[in-house]
Structure formats: C-alpha cells, structure tokens
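Structure first, then comments.
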Amino acid sequence: MQFYIDPGTGSMLFTILVGILGAGIYALRNVVMKARFVLSGGKAEKTNKKNIPYAIFTDSKRYWNTFGPICDEFEKRGESIVYMTASKDDPALERDYKHVKCEFIGEGNKAFAKLNMLQADIVLSSTPGLDVYQWKRSKDVKWYVHVLHAANDPAAYRMFGLDYYDAVLLSGDYQVKQQRDLERIRNLKAKELPLVGLTYMDEMYNRLKESMKNETKEDKHQINVLLAPSWGSNSIFNRYGGKIIQLLLDTGYHVIVRPHPQSYVSEKKLLDGLMEQFPNSEQLEWNKDNDNFDVLKRSDILISDFSGVLFDFSLVFDKPIIYTDTDYDNSTNDMCWLDDEMWTFTTLPKIGQQLTKDNLENVKTLIDSCLNDTKYETAREVARQETWAHRGEATIRTVDYLINKHAELEKNEG
C-alpha cells in the first residue's frame with residue numbers, strides 16, 4: 001500500500017521532526033555541560049568550539065551575483081566567512097579563496113536541517129520565510145540579516161517572509177516604510193533597516209562600463225527584442241501562451257526568449273511545448289545563460305511581466321521596456337496587508353509601455369514607440385533615486401554593517 005503526503009503536510013511533518021530532534025540535541029548538550037561542571041568541582045570549563053563569525057546561506061546559485069561581491073570584499077579584508085549553498089554547481093564552489101570557505105550543504109530539507117542547528121554569530125541570506133517554513137532560527141545564531149536580490153518591493157514576498165529576521169538590508173526609503181508598516185500592523189519588534197544599496201546592480205553597472213571601454217560605434221544593427229517572463233499563474237506565458245512569440249516574430253525583429261529558471265522546473269510541460277512549437281532559428285533564440293549580462297546588453301528592448309529584470313534592464317542598461325498586464329494577485333504576499341500600492345506597479349507606467357490584451361496585436365507599434373521616444377529617460381533617473389540608494393557603495397556598506405554588528409554583538413556579550 002502506498003501513501004501520498006502533500007507538500008504542505010510534508011513541510012509540517014519535517015518541521016515537527018526537526019523541532020523534536022533539535023530539542024533533544026539541546027537538552028542532551030545541557031545535560032553534558034552540567035555533568036562536566038559537577039565533575040570539574042564547580043569550575044566553568046572552557047570550550048574550544050566557537051561559533052562561525054559570519055555565514056552566508058543561499059538556496060540557489062542564481063544569487064551569486066548578489067553574494068559574490070560580498071565574498072570578494074571579505075576576502076580582500078582578510079575576514080573569515082562561510083558561504084553555504086544549496087546548489088551543487090554554484091559558481092562559488094570553483095573560487096580559490098583563502099578566507100572564504102564555500103561549501104555545498106545539500107538541497108531542500110537536507111540544507112535546512114543543517115541550518116537549523118547552525119552555530120554562527122551572523123547569518124546573511126536572500127531567502128525569505130525564516131522561521132515560517134522548514135528553515136527555523138537556530139538557538140546558536142545571534143543575528144539574522146536579509147539582503148535583497150532585486151530592485152523592487154520586499155513586501156512582494158510571500159506572507160511573513162521577513163518577519164523573523166533581525167535586520168533587512170534595503171535600497172530605498174519606500175522599502176523602509178513597507179517594513180515599518182508591517183511591524184506596526186503585526187506588533188513586531190523593530191528590525192534594523194540600513195540603506196546599503198544593491199550589490200548586484202553595482203557590479204552589473206561596473207561590468208557594463210568596463211565592457212564599453214574598447215567598443216566602437218557600430219553601424220545600425222538588427223533590432224533585438226528580449227522576451228523574459230517570470231513564472232507562475234500570472235506570468236506572460238500562462239496568460240498569452242505562444243501567441244506573444246508569434247506576434248513578436250511577425251514584427252520581423254530578432255526575438256530572444258529567456259524564461260525564468262524556475263519555469264524549467266515548475267512549468268516544464270508548458271516550456272517544452274513552446275520550444276517545440278517555436279524552435280531555434282535565425283530569427284528566434286532560446287537563451288539559457290546562467291549569467292544574463294550578455295543577453296541584456298545586446299538587447300534593444302525588453303518585454304516582461306512583474307520580474308525584477310525589468311528594473312535591471314531599465315535602470316542599469318538605460319533601455320526601454322514593455323511590461324504586460326497580468327492582473328497580479330497579491331493575496332498571498334505581505335503587500336495585501338498594506339494600503340499603499342506596490343512601488344513596482346506605480347513606477348512601471350512611468351518608465352515603460354504597458355502591453356494588454358487590447359493592444360497585443362499592435363506590439364510592433366509599441367516597440368517602435370519605445371525605441372524612438374525619449375520621454376522615459378527622466379523617469380528612469382527618478383526610479384534610480386528611489387530604489388538604488390548609494391550607487392556603487394553597496395558592497396562596502398554591506399560588509400561594514402556586518403563587521404560593525406559583529407563587534408557590537410561581541411561587546412554586548414562581554
């Protein structure tokens with residue numbers, strides 16, 4: 001006889017199991033410590049086992065563009081840090097560091113089981129849901145810090161995504177307001193919310209400047225249209241299917257399709273069908289590069305839905321965008337608790353054109369309008385000011401915060 005356990009029940013059972021094991025381990029540890037105290041004649045016994053001073057956890061190699069600059073800065077300063085990844089092919093594992101220890105800690109529940117028993121002073125992560133799902137706060141971690149990996153609303157995370165972090169590193173004042181409003185509504189302890197900027201956007205901009213040093217002005221080239229949808233029920237492909245690809249091919253422009261990496265996992269059947277219907281050709285290419293820098297650089301215009309790549313393309317590469325009308329449902333995320341509209345959706349109309357069911361057939365006209373109209377340039381600079389604080393300084397500010405916080409924790413403990 002076979003039994004089926006749904007994912008929600010499985011997550012709950014795993015949490016209960018880890019809780020029981022954790023309680024048992026901590027209880028056993030206390031018994032051992034008391035026994036040693038008695039056997040030593042009532043003298044405190046020193047231990048050589050110390051907490052890791054700094055640890056980074058990432059659930060995917062996709063976020064190396066956020067953590068890579070931070071690891072490089074720790075290496076440069078000669079400060080020890082442990083980088084823990086749930087991706088066995090994470091680029092970090094190939095780096096030759098002296099002060100940064102990079103290790104694969106397993107996938108899924110195996111990784112969370114290790115994190116739940118972690119002994120570290122400070123943990124930095126871009127993974128939401130701490131102490132909500134499988135990932136629980138370890139009793140031997142002093143301070144949890146969340147870092148953003150996109151230039152948009154932190155309240156767009158699933159409900160309670162950041163509630164149990166001690167600090168959240170932000171890049172815009174509107175993000176601070178969202179967090180303070182949620183704390184007030186839920187009667188949560190105030191977090192530390194330093195504005196540090198965005199490490200990955202700083203690095204992307206530096207790469208862009210460096211790559212353009214030796215470039216010469218080329219003759220007019222073919223127009224490259226990049227279609228980069230997110231994934232899920234509200235995404236472009238789930239709303240428009242292959243029709244949008246066909247309409248883009250009808251423009252005569254070169255079309256690059258770059259699905260969200262998660263689509264290849266969660267929407268495999270949908271993507272397989274689209275790739276079979278629209279195979280690679282001289283006019284169409286499916287892009288699967290791990291690093292999106294090159295494809296963003298060679299594209300002239302981007303079409304997406306609610307993906308953070310809209311702001312990467314618009315604010316870093318200073319190019320026009322088209323965003324789709326997808327009737328975004330925020331009923332499962334933190335934004336549904338707030339009265340304000342998401343910054344993402346108030347900003348997109350200022351920096352790009354909207355693609356709807358009504359004007360879908362006229363997508364070529366929209367593309368041509370965006371490529372030739374300069375009215376969005378000023379709006380893009382305003383958006384940069386709002387969501388990209390301390391441009392060029394994010395890595396240094398992030399590492400400074402972590403090191404200063406560690407010194408403060410040690411001082412308070414002493």
Looking only at heavy atoms, which two atoms of [X] and [Y] are closest? And how far apart?
X	Y	answer
I301	C370	CD1-CB, 3.6 Å
K319	S299	NZ-O, 2.7 Å
I351	A383	CG2-CB, 4.4 Å
W231	Q262	CE2-CG, 3.3 Å
E107	A86	CG-O, 3.3 Å
S87	S60	OG-CA, 3.4 Å

So, using salt bridge (Lys or Arg N to Asp or Glu O under 4.0 Å) as the criterion, who are the partners of K114 when residues are at least two apart?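 With sequence neighbours excluded, K114 shows a salt bridge (Lys or Arg N to Asp or Glu O under 4.0 Å) to E103, given in chain and number order.
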
Which residues pass the salt bridge (Lys or Arg N to Asp or Glu O under 4.0 Å) test with D173, sequence neighbours left out?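 Salt bridge (Lys or Arg N to Asp or Glu O under 4.0 Å) check on D173 returns nothing, list empty.
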
Got a sec: does the CZ of R77 have more than 12 other heavy atoms crowding it under 6.0 Å?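 Yes, CZ of R77 has more than 12 neighbouring heavy atoms, counting only those of other groups under 6.0 Å.
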
Please check if the number of heavy atoms outside D89 that lie under 6.0 Å from its CG is greater than 12.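 Yes - once you tally the heavy atoms of other residues, nucleotides and ligands closer than 6.0 Å, there are more than 12.
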
Is the backbone of [Y] close enough, under 3.5 Å, to the side chain of [X] for a donor and an acceptor to pair up by distance?
X	Y	value
D334	F160	yes
Q354	P349	no
S211	L208	yes
H254	I223	no
D305	I236	yes
R137	Y164	yes
N359	T356	yes
D153	Q175	no
N116	Q134	yes

In sequence, state the C-alpha distance, the side-chain angles, and the governing distance for K76 and D72, and then conclude on salt bridge (Lys or Arg N to Asp or Glu O under 4.0 Å). CA-CA 6 Å; K76 179 181 175 182; D72 290 343; over 6 Å; no

Say you draw a straight line from CG of L198 to OG of S171; how long is it, rounded to the nearest 0.5 Å?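 Rounded to the nearest 0.5 Å, the CG-OG separation comes out at 4.0 Å.
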
Interatomic distance, I70 atom CD1 to L402 atom CG [nearest 0.5 angstrom]: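 Answer rounded to 0.5 Å: 7.0 Å.
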
Less than 4.0 Å between a side-chain N and a carboxylate O, is that true for [Y] and [X]?
X	Y	result
E210	R207	no
E75	R95	no
D166	K191	no
K405	E408	yes
K101	E79	no
D202	R397	no
K269	D272	no
K177	D340	yes

Checking L118 against D140 for the side-chain contact (heavy atoms from CB on, under 4.5 Å) test, could you report, in this order, the C-alpha distance in whole Å, the side-chain angles of both residues, the deciding distance, and whether it holds? CA-CA 6 Å; L118 184 63; D140 291 318; over 6 Å; no

Kindly indicate whether the side chain of [X], heavy atoms from C-beta on, has any atom under 4.5 Å from the side chain of [Y].
X	Y	answer
V196	T395	no
R180	V176	yes
V123	K142	no
M159	V132	no

Pick one: which of V255, N292, I303, I256 meets side chain to side chain contact (heavy atoms under 4.5 Å, CB included) with L226?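 Passing option: I256.
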
Here's a test for you: under ring pair (Phe, Tyr, Trp, His ring centres under 6.0 Å), which of Y165, W135, F57, Y63 qualifies with H146?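 Checked Y165, W135, F57, Y63 against H146; only one passes ring pair (Phe, Tyr, Trp, His ring centres under 6.0 Å): Y165.
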
So is R391 actually on top of W388's ring, under 6.0 Å and inside 45° of the axis?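 Flagged: R391 positioned over aromatic ring of W388.
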
Decide whether a cation-pi geometry holds between R186 and W337; the criteria are a distance under 6.0 Å from NZ or CZ to the six-membered ring centre and an angle within 45° of the ring axis.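 Judged by the rule, R186 and W337 form a cation-pi pair.
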
Going by the angle between their ring planes, with limits at 30° and 60°, are F317 and F293 parallel, tilted or perpendicular?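 F317 and F293: tilted rings.
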
Ring pair (Phe, Tyr, Trp, His ring centres under 6.0 Å) for F311 and W343? Distances and angles first, verdict last. CA-CA 12 Å; F311 297 108; W343 177 87; 5.0 Å; yes

Give me each pair satisfying ring pair (Phe, Tyr, Trp, His ring centres under 6.0 Å) with a member in residues 70-89, each pair once, sequence neighbours excluded.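 Listed by first then second residue: Y54-F74, W64-Y83.
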
